Novice: 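Got a structure for you, questions after.
Note that this is a predicted model, so its numbers are computed, not measured.
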Amino acid sequence: CLVMDALSDDCFDYFSWEGYQVTVTGNMNSNNNGVAGSWFRFDDIRACNEYIQMEGNVAWPDEATQKQYLAEVKTLRAMLYQFRSQLFGDYPLVTTILETPGDAYVERNSASEVYDFVKKELTEAINSLPNKADQAQGRINKQFAQGLLMRQYLWEGNYASAETLAKDIINNGGLTLASNYDDMWLEANQYDSETIFDYSSISNTSRDFYGDPFAPNGALGGWSSVVPTVDLVESFECIDGKPITESPLYDPKHPYENRDPRLRSTVLYSGQYYPGYEGKNPQGVYNSLPRYFSDGTANPDWWNFTGNATKTGLNLKKYLRYENVASGSAHMTVHYKAMRLAEVILSLAECYIEQNKNLDEAADLINQVRTRAYANNVYGVAAPLIAVSDQETMREQVRRERRMELG
């Protein structure tokens, strides 16, 4: 979810009680009571274990349905173990129901054992899952299980196996890139041709998209708890395809001009139009810079106005679109895209680059994503396409592309 980026260089979590700040500083432990503490819990894995252990008691209408449901649960359990093994390394591998608290005192399994389990479960599940096009919205599909397995192989550096999976998703998944990057984050467009799987939000329930921690304080009374970093902003290229350290188009006095269009879709920065500010400050735009506005009113987005003011001067925008927000709060029902085709395309490019082969195809794949990013851009310019070059240069390019596209 969005808060996981607070474990990277892309976002910062201000409130230590949420758990992600102490994780970054290396002070996370089993006494954390915040959101991050959920990674110590086993109730989600236990629910999967209960299902698998008890599904034989169900009077199934047919064997195919039983296999499909089992494959869905196995995919979920594999995903949960994948997350935890990547966070902790060695981790207890529990696949049965533990009956007593005493039974829960188990040793950690090695990370390699957990990785092998994840790969085994996903490989078994894939053949029993329908393609995304044939599966009901919100249910696990074959391409999502393949994508999780692809991620696992990437994590382990097994690029040949990840390549095979990525190719199959691209060639046989019935997916296409959405036509407009900026519009993908609107609730009205969440059932697009690109999304492989999403975490579905349900209105007026505890399963809506709870945006208060991420929303700007001035417009929506949000907490600005998890906010983008300047480091993330500086990673976005200029519209000539060069990083800001190399491009003559970059102006430190106007740092958001002439930048990759995905920046304005991802980050809410000062000077950017945001409908929630109409009538709330003299400019009617998001502006975290002054302590007071020109009319003398205090700025609720100035960093020290309140604990809920952003500490980096930036706010998230990608899902926190004003059009998605319910009146009077930052609760919304937009789905969170857990996996989409652009990630798979860039992963295939990465596989080629890391194996130092098919570099021309890798460039074409990256350029597919770049071309879509520049569709209908505010500058009216064509996407700056990358050229085939050496492995090290292209490795840097695909990593930067992943950060701009997926941040």
Novice: Can a salt bridge be assigned to the pair Asp182 and Arg321 using a cut-off of 4.0 Å between side-chain N and carboxylate O?
Specialist: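 Yes.
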Novice: Does Arg139 make a cation-pi contact with Tyr69 (under 6.0 Å, within 45 degrees of the axis)?
Specialist: yes
Novice: Between Tyr91 and Gln86 (side chain of the first, backbone of the second, donor and acceptor by atom type, cut-off under 3.5 Å), is there such a pair?
Specialist: no
Novice: Set out, in order, the CA-CA distance, both residues' side-chain angles and the distance that settles salt bridge (Lys or Arg N to Asp or Glu O under 4.0 Å) for Glu350 and Arg395, then state yes or no.
Specialist: CA-CA 7 Å; Glu350 181 179 350; Arg395 177 183 289 133; over 6 Å; no
Novice: Within the side chain of Asp44, is there an N or O that forms a donor-acceptor pair under 3.5 Å with the backbone of Cys48?
Specialist: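 Between the backbone of Cys48 and the side chain of Asp44 there is no qualifying donor-acceptor contact (under 3.5 Å).
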Novice: So that I can tick it off, tell me whether Glu237 and Lys242 are bridged by a salt bridge, with the cut-off set at under 4.0 angstrom between side-chain N and carboxylate O.
Specialist: no
Novice: Parallel, tilted or perpendicular: which one describes the rings of Tyr269 and Tyr256, with boundaries at 30° and 60°?
Specialist: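 Geometry flag for Tyr256 against Tyr269: parallel rings.
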Novice: Counting only N and O atoms by type, is there a donor-acceptor contact under 3.5 Å from the side chain of Asp103 to the main-chain atoms of Thr100?
Specialist: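 A pair under 3.5 Å: yes.
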Novice: So, Arg372 and Glu194, do they make that salt bridge, N to O below 4.0 Å?
Specialist: yes
Novice: If we check ring pair (Phe, Tyr, Trp, His ring centres under 6.0 Å) with Trp185, which of these qualifies: Tyr319, Phe209, Tyr336, Tyr322?
Specialist: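 In the set Tyr319, Phe209, Tyr336, Tyr322, the residue that makes a ring pair (Phe, Tyr, Trp, His ring centres under 6.0 Å) with Trp185 is Tyr319.
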Novice: Given the side-chain rings of Tyr81 and Phe117, with only the six-membered ring counted for Trp, is the space between their centroids under 6.0 Å?
Specialist: yes
Novice: Taking everything shown except Tyr14 itself, do over 12 heavy atoms lie less than 6.0 Å from its OH?
Specialist: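 Counting other residues, nucleotides and ligands, OH of Tyr14 stays at 12 neighbours or fewer.
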Novice: If we ignore hydrogens and angles and just use 3.5 Å, is the side chain of Glu278 paired with the main-chain N or O of Gly284 as donor and acceptor?
Specialist: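 The answer is no, because no donor-acceptor pair under 3.5 Å joins these two groups.
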Novice: To the nearest 0.5 Å, how far apart are CD in Gln397 and CD in Glu401?
Specialist: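 So the gap between those two atoms works out to 9.0 Å.
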Novice: Specify the closest pair of heavy atoms between Asn141 and Leu129, including all atoms of both residues, with the distance to one decimal.
Specialist: O-CD1, 3.8 Å
Novice: Calculate, to the nearest 0.5 Å, the distance between atoms CD and OG1 belonging to Gln146 and Thr164 respectively.
Specialist: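 The CD atom of Gln146 sits 10.5 Å away from the OG1 atom of Thr164.
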Novice: Assess whether a salt bridge exists between Arg262 and Asp260, defined as any Lys/Arg side-chain N lying under 4.0 Å from an Asp/Glu carboxylate O.
Specialist: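 So Arg262 pairs with Asp260 through a salt bridge.
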Novice: Does Lys311 make a cation-pi contact with Trp303 (under 6.0 Å, within 45 degrees of the axis)?
Specialist: no
Novice: Kindly say whether the aromatic ring centers of Tyr153 and Tyr159 come within a distance under 6.0 Å.
Specialist: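 No, they do not, as the ring centres are separated by 6.0 Å or more.
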